[in-house]
Amino acid sequence: MTQRRILVTSALPYANGDIHLGHLVEYIQTDVWVRFQKLRGNECIYLCADDTHGTAIMMSAQRTGCSEEEWIARVQDEHERDFAGFHIEFDNYGSTNSPENYELCKKFWQAFRDSGLVKEQEVTQLFDDEQGVFLADRFVQGTCPKCGKEDQYGDSCDGCGATYNARDLIDPRSTLTGSTPSVKSADHLFIQIEQLHDFLEEWTQSGDHLQSEVANYLKGHFLHEPLLDWDISRPAPYFGFEIPDAPGNYWFVWFDAPIGYMASTQQYCEKTGDDFERWWKDPDTEVHHFIGKDITYFHTLFWPAMLKVAGFNLPTKVHIHGFLTVDGRKMSKRDGTFVRAATYLNHLDPEYLRYFYCSKLGNGVDDLDLNLEDFIAKVNSDLVGKVVNLASRTAKFISEIGLSAVYPDDGGLFESAAAVGDQIADAYENCEFNKAMRLIMELADQANPFVENSQPWVLRKDPEKQQELQDVCTVALNLFRQLVVYLSPVLPELTGKANELFDVEISNWSDSQSPITGSQISKFKHMMQRVEIKDVEAMIDETKDEAAAEETQSAANESQDSGQPLKDEPLAEECTIDDFVKVDLRVARIVAAQHVEGADRLLQLTLSLGGDETRNVFAGIKSAYEPEELIGRLVVCVANLQPRKMRFGVSEGMITAAGPGGSDVFLLAPDSGAQPGQRVH
RNA sequence: GGGCCCGUAGCUCAGUGGUUAGAGCAGGGGACUCAUAAUCCCUUGGUCGGAGGUUCGAAUCCUUCCGGGCCUACCA
């Protein structure tokens, strides 16, 4: 077989949040595919980078009070650490905010200019005057102009499904500052991608570049009509690259993001002395992109168009996968299923997830479900029970004598399993990892009965049968090793442990085709722990805790409470705890409430402190509450206040309330469960 | 409303025209004791979402309906 040259990428994670289990579907899928290609002896490199530009990054940096550069450096550290934790092995991991990327962006841009596809057009957008930024749709909220539903984003309404221009929102406000945006115009640069329509039609609909359902989707949603011009620039302020021939304007993040694949290649080449053009200009090189279905059209329309215009290799294939659900539902912070990569690693082995995802991943765009029960069952019964068990039940019998010098008769087991290798390889190649895992487990199911029938634990007691014992274990261990070769793209750590056991490196797929003999066996060490339910539960619990903490945090951040009340009524002089306990605050129930004849602001309340204890209280809350709505409510009253004689009778206490007065009066209410008469401490 | 995908055993899924529909897990029974309560043997379990049609023959092809998921919007 001739060696292929293959360049592989995963989508660039956005430098605005943590890696979570949903992201990992893609990185694990890609990493497994790359490891498989390398194992097959192909020249293959895996490239990725952080996607660092755009308004959202600016906002995050601003919120945390650091520069954008500091922010993205911090996020990138975390991303790389998470990936390493899951054994995702990049040949280079770059950043779109790199000099290499800027240089490449300029080349692409010049190509577009030269091709005459760039045009200038005025765009009218909402503008946040306080922040001095244009507001993308997702940064504007307001009332839907069609159905009147409140708090809708600037592009569409999730109530009635209407789409509209953000300027049509009723009572729009900026989600950044809460202020009312103004309308402002700016010149944007557009790429007239319609001029490449024929090329895109041809590229997407022919060959094997896309999964068939994706090709259909593009045809049905985009290619059936003229393609809209692509708005490629953003006016300052914007965190990104300034466009050289349009000062004050920046390339839109989706322009420089995919170019980041190439910038990362560039860095790889500088690092290794390789030749960049070999990877992006040589037609013999295959380029494979792995992405999620959410960013399909950037990678199947814009990106091929960009590459075409700039004269680089077009993608050989764009592999598109679905989203992750957990226990059949969308990941949710509140359910504890929005699990961050780092949180997972606090409790569970990354190889579990790698295997589980592979056992589920096909080559379609279907969503993938992480059923936690299924997860535990699969890992324990397949990996621990079937595969690792083969080694753990035989290795120690021959740790002193090693493997037989000649591979014994095994009834054709090794050979037939070797013959399945091609099928397994095809499955990996076609991204049908679920099929590959199924085929491998079928082989494991044949290996254990062999051990059972050969009864090495009986043989070892008979000095006459030591040769037979060695032969049986030689077979079992070779079958085990064969499975590990097949699984090694998925389970690098297990592969490493098998390498130690045999003291022979698994370095090529062909290692599955011939048994090893005559060598020593290292002392057996456990290779994989069983998954414990409690560990999964602990991971979910930790995720829930994170979500709760985050909610508290964001409530504190987002409320952006005004400082006015404190200014209007500054804090009182410091008091001691003794001063405080003089005031006896009690929970009370309002058992009667009525208007007071002749009083402008007062209501007369009867408070019950439980039992027979009641108080008659006049409260200045008439303009804020109706008597009827108060009856039955729990309030907090000052129970030991000196009674005061008023025009309408004696008031035997006060009820507590906040607010400046008038209609802005807000009664304090205890949480449910409190009982009248209980003291407030 | 439209597009795509899916519906097979309790669960996860093979099987895309050809004997009586399979596997793993779970359930039941037995065995073994080398192994991480792992393993092995036996076994229960299915009107292949429903209904029509094509065919000598349909889980598989066609039509239609029902149910689920994803995408999308008056446009295919």
Side-chain angles (χ1 to χ4, degrees), chain A residues 146 155-158 160-164 201 210-228 292-297 320-325 327-330 349 355-399 423 427 432-461 469 472-473 476-477 480 497 524-532:
Chain A
K146 270 198 184 156
D155 50 353
S156 66
C157 171
D158 66 21
C160 66
T163 55
Y164 39 75
E201 179 94 33
L210 302 172
Q211 289 126 300
S212 58
E213 59 260 54
V214 176
N216 288 341
Y217 161 80
L218 293 173
K219 194 174 183 145
H221 284 92
F222 300 103
L223 293 167
H224 69 284
E225 62 186 4
L227 295 162
L228 299 177
K293 60 186 179 183
D294 51 328
I295 52 176
T296 295
Y297 89 140
I320 303 179
H321 61 82
F323 296 142
L324 178 73
T325 57
D327 284 338
R329 290 202 301 269
K330 277 188 181 166
D349 185 332
Y355 175 71
F356 183 80
Y357 280 174
C358 287
S359 77
K360 291 288 206 175
L361 267 171
N363 63 5
V365 298
D366 305 323
D367 288 351
L368 183 155
D369 186 44
L370 169 58
N371 180 292
L372 295 173
E373 253 177 67
D374 199 26
F375 170 79
I376 295 169
K378 262 205 155 67
V379 170
N380 286 346
S381 70
D382 289 358
L383 294 183
V384 182
K386 288 177 188 172
V387 178
V388 173
N389 191 38
L390 277 173
S392 71
R393 67 193 305 202
T394 54
K396 73 173 189 185
F397 293 149
I398 55 168
S399 58
Q423 272 185 67
E432 295 172 296
F433 296 169
N434 52 358
K435 186 175 179 186
M437 297 307 109
R438 208 167 51 241
L439 288 168
I440 295 167
M441 288 309 141
E442 278 173 23
L443 299 179
D445 281 332
Q446 293 165 14
N448 274 301
F450 169 83
V451 178
E452 198 74 17
N453 297 331
S454 310
Q455 301 189 301
W457 55 94
V458 174
L459 298 176
R460 90 182 153 134
K461 290 175 186 159
L469 173 66
V472 167
C473 294
L477 287 170
F480 164 72
K497 288 175 181 168
F524 181 78
K525 285 184 267 188
H526 272 192
M527 293 181 165
M528 190 177 285
Q529 299 303 316
R530 300 172 65 75
V531 189
E532 302 281 345

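Atom set for the values below is all heavy atoms of this structure, side chains included, hydrogens, waters and symmetry mates excluded. Below, chain A is the first sequence line, B the second, and so on; all start at residue 1.
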Between F323(A) and K293(A), is there a cation-pi geometry (under 6.0 Å to ring centre, at most 45° from the normal)?
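Yes, K293(A) sits over the ring of F323(A).
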
Which whole number of Å gives the distance between the [atom1] atom of [N] and that of [M]?
N: U64(B); M: G27(B); atom1: C1'; value: 38 Å
N: C48(B); M: U8(B); atom1: P; value: 11 Å
N: U54(B); M: U63(B); atom1: C1'; value: 11 Å
N: U19(B); M: A59(B); atom1: C1'; value: 16 Å
N: A14(B); M: G52(B); atom1: P; value: 28 Å
N: G57(B); M: U20(B); atom1: P; value: 13 Å
N: U72(B); M: U47(B); atom1: P; value: 38 Å
N: G50(B); M: G7(B); atom1: P; value: 13 Å

Going by the rule side-chain hydrogen bond (donor to acceptor under 3.5 Å, both in side chains), which residues pair with K435(A) if we only count those two or more places apart in sequence or in a different chain?
none

Go through the structure and list residues passing side-chain hydrogen bond (donor to acceptor under 3.5 Å, both in side chains) with D327(A), not counting sequence neighbours.
none

Who passes side-chain contact (heavy atoms from CB on, under 4.5 Å) against V388(A), sequence neighbours left out?
L494(A), M527(A), M528(A)

Out of the candidates D294(A), N363(A), I295(A), V214(A), only one should pair with I320(A) under the side-chain contact (heavy atoms from CB on, under 4.5 Å) rule; please name it.
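Result: among D294(A), N363(A), I295(A), V214(A), V214(A) is the only option passing the side-chain contact (heavy atoms from CB on, under 4.5 Å) with I320(A).
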
Can you check the [X] [atom1] to [N] [atom2] distance for me, whole Å?
X: N380(A); N: A38(B); atom1: CG; atom2: P; answer: 8 Å
X: E201(A); N: A76(B); atom1: CD; atom2: P; answer: 17 Å
X: Q446(A); N: A23(B); atom1: CD; atom2: C1'; answer: 12 Å
X: R460(A); N: C32(B); atom1: CZ; atom2: C1'; answer: 14 Å
X: R530(A); N: U36(B); atom1: CZ; atom2: P; answer: 11 Å
X: E225(A); N: U72(B); atom1: CD; atom2: P; answer: 14 Å
X: L210(A); N: G3(B); atom1: CG; atom2: P; answer: 21 Å
X: E432(A); N: G15(B); atom1: CD; atom2: C1'; answer: 14 Å

Starting at the 5' end of RNA chain B and moving along, which residue's nearest nucleotide shows up first, W457(A) or K330(A)?
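With W457(A) and K330(A) compared, the 5'-side residue is W457(A).
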
Nearest nucleotide by nearest heavy atom, which residue falls closer to the 5' end of RNA chain B, E442(A) or F397(A)?
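The residue whose closest nucleotide sits nearer the 5' end is E442(A).
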
Residues two or more places apart in sequence or in another chain: which of them pass ring-ring contact (aromatic ring centres under 6.0 Å, His included) with F433(A)?
Y428(A)

By ring-ring contact (aromatic ring centres under 6.0 Å, His included), Y297(A) pairs with (sequence neighbours left out) F222(A), F302(A)

Strictly by modelled atom types, are N434(A) and S359(A) linked by a side-chain donor-acceptor pair under 3.5 Å?
no

Does V451(A) reach the side chain of V472(A), with side-chain heavy atoms less than 4.5 Å apart?
no

Between A35(B), C25(B), G69(B), which nucleotide gets closest to the side-chain atoms of A377(A)?
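Of the options given, the side chain of A377(A) lies nearest C25(B).
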
Of the listed nucleotides (C71(B), U36(B), U39(B)), which one gets closest to any side-chain atom of F323(A)?
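Nearest to the side-chain atoms of F323(A), counting from C-beta on, is C71(B).
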
Go through the structure and list residues passing salt bridge (Lys or Arg N to Asp or Glu O under 4.0 Å) with K525(A), not counting sequence neighbours.
E500(A)

Taking only residues two or more places apart in sequence, or in another chain, which ones meet D382(A) in a salt bridge (Lys or Arg N to Asp or Glu O under 4.0 Å)?
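D382(A): salt bridge (Lys or Arg N to Asp or Glu O under 4.0 Å) contacts with K386(A).
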
Counting the atoms with a prime plus P, OP1 and OP2 as sugar-phosphate, which does V388(A) contact under 4.0 Å by heavy atoms, base, sugar-phosphate, or nothing?
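Base, at least one base heavy atom under 4.0 Å.
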
What stems show up for RNA chain B when you take Watson-Crick pairs (N1-N3 plus N6-O4 or O6-N4) and G-U wobbles (N1-O2, O6-N3), both under 3.5 Å, and require three or more consecutive pairs?
B:1-7 with B:66-72, B:10-13 with B:22-25, B:27-31 with B:39-43, B:49-53 with B:61-65

Under-3.5 Å N/O pairs linking protein and nucleotides 4-13 of chain B:
from   : atom 1 : to      : atom 2 : distance (Å)
C5(B)  : O2'    : D366(A) : OD1    : 2.7
U12(B) : O3'    : K360(A) : NZ     : 2.6
U12(B) : O2'    : K360(A) : NZ     : 3.2
C13(B) : OP1    : K360(A) : NZ     : 3.3

Test: side-chain hydrogen bond (donor to acceptor under 3.5 Å, both in side chains). Region: residues 371-381 of chain A. Which pairs qualify, not counting sequence neighbours?
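Residue pairs with at least one partner in residues 371-381 of chain A: K360(A)-D374(A).
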
When you compare the protein's N or O atoms with those of nucleotides 40-46 of chain B, which come within less than 3.5 Å of each other, and at what distance?
from   : atom 1 : to      : atom 2 : distance (Å)
C40(B) : O4'    : E452(A) : OE1    : 3.4

Name all pairs fulfilling the ring pair (Phe, Tyr, Trp, His ring centres under 6.0 Å) condition that reach into residues 366-391 of chain A, sequence neighbours left out, sorted by first residue then second.
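Those involving residues 366-391 of chain A are F356(A)-F375(A).
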
